[in-house]
Amino acid sequence: MEFEPRDQLLQRQKKLEEIAGLGFDPYPHRFAWKQTAQEIVSAYEQKSAAELQETNVNVSVAGRILTIRLHGKAGFAHIQGQGQKLQIYVKLDAVGAAAFQLFQLLDMGDVIGVSGHLFRTKTNELTVWVEKLTLLTKALLPLPEKWHGLADVEMRYRRRYLDLIANERVRHIFVQRAAIIRYIREFFDARGYLEVETPMMHPILGGATARPFITHHNTFDVDFYMRIAPELYLKRLIVGGIDRVYEINRNFRNEGVDAIHTPEFTMLEFYEAYSDYRDLMKLTEELFARLVKDVSGGMKIKYGEHELDFSHFESLSMREAICKFWPANAGNAPSIDELSTSQGPRSIAERYNNFARGKRLDLIRDLDKSSSGELTGALFEAVAEAHLIQPTFIYDFPTDISPLSKCRKDDPSVTERFELFVEGMELANGFSELNDPADQERRFRAQVETGGAEVPKEVDWDYIRALAHGMPPTAGEGVGIDRLIMLLTDSNSIREVILFPTLRPQKDSDIDAAAASEETK
RNA sequence: AGGGGCGUAGCUCAGUGGUAGAGCAGCGGCCUUUUAAGCCGAAGGUCGUGGGUUCGAUCCCCACCGCCCCUACCA
């Protein structure tokens, strides 16, 4: 072991030997606790000093020492178990000479168990009057600073264990994350959905447009793609008669990393037979409203500077959104009719680019190479997306950017597809699933011809075959769980809601030193 | 990928073209109801790495490494 701070490590190793020398086991195997700190606090925090004295509540509780205040022949400490802090009072007279000697050798970070009774101090803090003190684990490295906690963002992510000990909010976020996901499961289970797990390693790319991670299977001697979406497998299950199905699991996309993107992220995907995208919009509104209520108690949540109101969801077609948020001074505002013509989006994009050049905004690129559907999508992103702060459904996505969605009967240039935006962030994407195998084959072929790293190299014939066996009319949706949790926990980065976010692997001094000591063995 | 910012003691942070400081943690001592405990004492640093400018660089310049923010791609 060659960790920093070297002097404190050595000091603690010395104490460890002293403790062992006194006959105490520094790493015992178990501790017969009777209560958690949480149980003690919730049961007795309302009890007065007199009540505690009368009932003489005996407790046995374990936790990590966060602070120590030694006063000669007595001392206070706070221990923390399951996120709950609890003060203990250790007095020479009460624990005896040997245990007090042990107490004096303890450091912040050590894990201990204490038995005794509850009382209140002069300042009325609920405290354990320790009668028996047991060391449960000696910590050889110190905790971060007790008042400011751990602030260095990089170290918070790399050594999440310290972040969790030092920063209460971090623990709370992951408790909430678990509760939110549990709630989602209950929501779908109650509606007759079956939760499944489908492959993470795919022989053919599909279900989304994204650059994949590629891995290799030795025995088969073939490459697999880490999945970018479970979509095509879940729809095979719809063909197989699992009429309501969902999966909550990781997707992997080999793309940019920023506040709302990370290479592995958690996605909820769900599919229900005999419904269409309108049904899913209703379901989505209900799910989100319930989650918000569960977390906040009301229909509103605070996110950064904004107050987000989930009691009402705005709803706009993509073309409407472009018209609505068309910037002033950007020339003639487009109309729905103009956007619906075959050359409309192109001339509108030109108008936008002329405006953007003057404002030094980013241009819509590849005007000549793009289809009118692609340009409509690009216009939406350029003009409207950032304005969608309050919960807003955008629907009627262009067909050529929606290869898995059903077209509208009255307008084949758009599909029965929607996305939910909050805080300018895409949170959900759902549509009436394309179930015409011939149409699906045409669109897959078109994709393969287009080419590109984010597009499948071959047609997924087994998926087409599944559709040929008949997939009932079905609606399906994906929800970015991490982003949802960002919103519900008022977190400004996706890395705040992922326990061990993907970071560049480190060559830190600790690792180097450890490696060095490995070599010298 | 482009632009901006940051990197100083184990942690949280000051600071300066003349080789560096505080608080906490750690160490020695005092203290039997403290709570960011207190008091006394001592210790702790190749100022991210490598170049350059300079009599002299932690500070100015360049490159690199890492992280953060914004923009672009993407969910």
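Just so it is clear: chains get the letters A, B, ... in the order the sequence lines come, proteins before strands, and each one is counted from 1.
Comparing A43(B) with A22(B), their P atoms sit 12 Å apart, to the nearest whole Å. A63(B) and G38(B): their P atoms are spaced 47 Å apart (whole Å). Nucleotides C69(B) and G26(B) are separated by 35 Å at their C1' atoms, to the nearest Å. On the C1' atoms, C6(B) is 13 Å away from C13(B), given to the nearest whole Å. Here the separation of C59(B) from G52(B), taken at their P atoms, is 14 Å to the nearest Å. Spacing of P atoms, A42(B) relative to C24(B), comes out at 16 Å, to the nearest Å. Annotation: U58(B) and U46(B) have their C1' atoms spaced 11 Å apart (nearest Å). Taking atom P in both A1(B) and C64(B), the straight-line distance is 11 Å, to the nearest Å.
The side-chain hydrogen bond (donor to acceptor under 3.5 Å, both in side chains) test with Thr127(A) is passed by exactly one of His117(A), Gln87(A), Arg120(A): Gln87(A).
The Gln87(A) side chain lies nearest to U34(B) when the options are G26(B), U33(B), U34(B). Side-chain proximity of Pro5(A) to C68(B), G10(B), C24(B): nearest is G10(B). Here the nucleotide nearest the side chain of Phe119(A), chosen from U33(B), C11(B), G26(B), is U33(B).
Using a 4.0 Å cut-off between charged nitrogen and carboxylate oxygen, Glu195(A) and Arg185(A) count as a salt-bridge pair.
One N or O donor and one acceptor, one from the side chain of Gln8(A) and one from the base of A25(B), sit under 3.5 Å apart. One donor-acceptor pair, N or O on each side, does fall under 3.5 Å between the base of C74(B) and the side chain of His261(A).
For Ala208(A) and Phe76(A), each mapped to the nucleotide of RNA chain B holding its nearest heavy atom, the one lying further toward the 5' end belongs to Phe76(A). The residue among Glu125(A) and Phe265(A) whose nearest nucleotide of RNA chain B is located toward the 5' end is Glu125(A).
As judged by a 4.0 angstrom heavy-atom cut-off over every strand, Gly478(A) is placed among residues making no nucleic acid contact. Here Thr262(A) lies in heavy-atom contact (under 4.0 Å) with a base. Using a 4.0 Å heavy-atom distance criterion, Met267(A) is classed as making no nucleic acid contact. Within the nucleic acid shown, Met108(A) comes within 4.0 Å of sugar-phosphate atoms alone, with no base atom in reach, counting heavy atoms only. Backbone-only contact: Leu150(A) has heavy atoms under 4.0 Å from sugar-phosphate atoms and none from a base. The residue Ala151(A) sits close only to the backbone: its heavy atoms come under 4.0 Å of sugar-phosphate atoms, none of a base. Residue Lys15(A) is classed as a sugar-phosphate contact, given heavy-atom separations below 4.0 Å to backbone atoms only. Within the 4.0 angstrom heavy-atom criterion, base atoms lie near Asp258(A). Contacts of Asp152(A) with the nucleic acid, taken as non-hydrogen atoms under 4.0 Å apart, involve only primed sugar atoms and P, OP1 or OP2. Using a 4.0 Å heavy-atom cutoff across all strands shown, Gln11(A) reaches sugar-phosphate atoms only and no base atom.
Using the Watson-Crick or G-U wobble rule with both distances under 3.5 Å, G7(B) pairs with C65(B). Base pairing annotation: C31(B) forms no Watson-Crick or G-U wobble pair, as no partner gives both donor-acceptor distances under 3.5 Å. With both pairing distances under 3.5 Å, U58(B) is matched to nothing as a Watson-Crick or G-U wobble pair. Pair assignment for U16(B): none, as no Watson-Crick or G-U wobble contacts are both less than 3.5 Å.
Taking 4.0 angstrom as the limit, Arg69(A) places none of its side-chain polar atoms (N or O) nearer than this to OP1 or OP2 of U34(B). Here Lys146(A) does not reach the OP1 or OP2 of C11(B): none of its side-chain N or O atoms lies under 4.0 Å away. In this structure, Arg495(A) reaches the C68(B) phosphate: one of its side-chain N or O atoms is under 4.0 Å from OP1 or OP2. Put simply, Arg158(A) has a side-chain N or O that comes within less than 4.0 Å of OP1 or OP2 on C67(B).
Atom CG of Leu162(A) and atom P of C24(B) are 21 Å apart (whole Å). Rounded to an integer number of Å, the gap from CD of Glu454(A) to P of A72(B) is 18 Å.
Defined by atom type and a distance below 3.5 Å, a donor-acceptor pair is present between the side-chain atoms of Glu496(A) and Tyr157(A). Judged purely by distance below 3.5 Å, without hydrogens or angles, the side chains of Thr399(A) and Arg443(A) never pair a donor atom with an acceptor atom. In summary, the side chains of Glu477(A) and Thr284(A) do present a donor paired with an acceptor at a separation below 3.5 Å, with no hydrogens or angles considered.
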- Query: Are Lys235(A) and Glu433(A) close enough, and set up right, to give a salt bridge (charged side-chain N to carboxylate O under 4.0 Å, His left out), and what steps lead you there?
  - Reply: CA-CA 9 Å; Lys235(A) 284 192 281 195; Glu433(A) 302 295 338; 2.5 Å; yes
Requested in this report: Might you work through the side-chain hydrogen bond (donor to acceptor under 3.5 Å, both in side chains) test for Glu255(A) and His261(A), ending with a clear yes or no?
Outcome: CA-CA 8 Å; Glu255(A) 286 173 348; His261(A) 296 90; over 6 Å; no
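Taking 90° from 0 as the syn/anti boundary, the base of U34(B) is oriented anti.
Relative ring orientation between Phe76(A) and His71(A) is described as perpendicular, the plane-to-plane angle rising above 60° on a 0-90° scale split at 30° and 60°.
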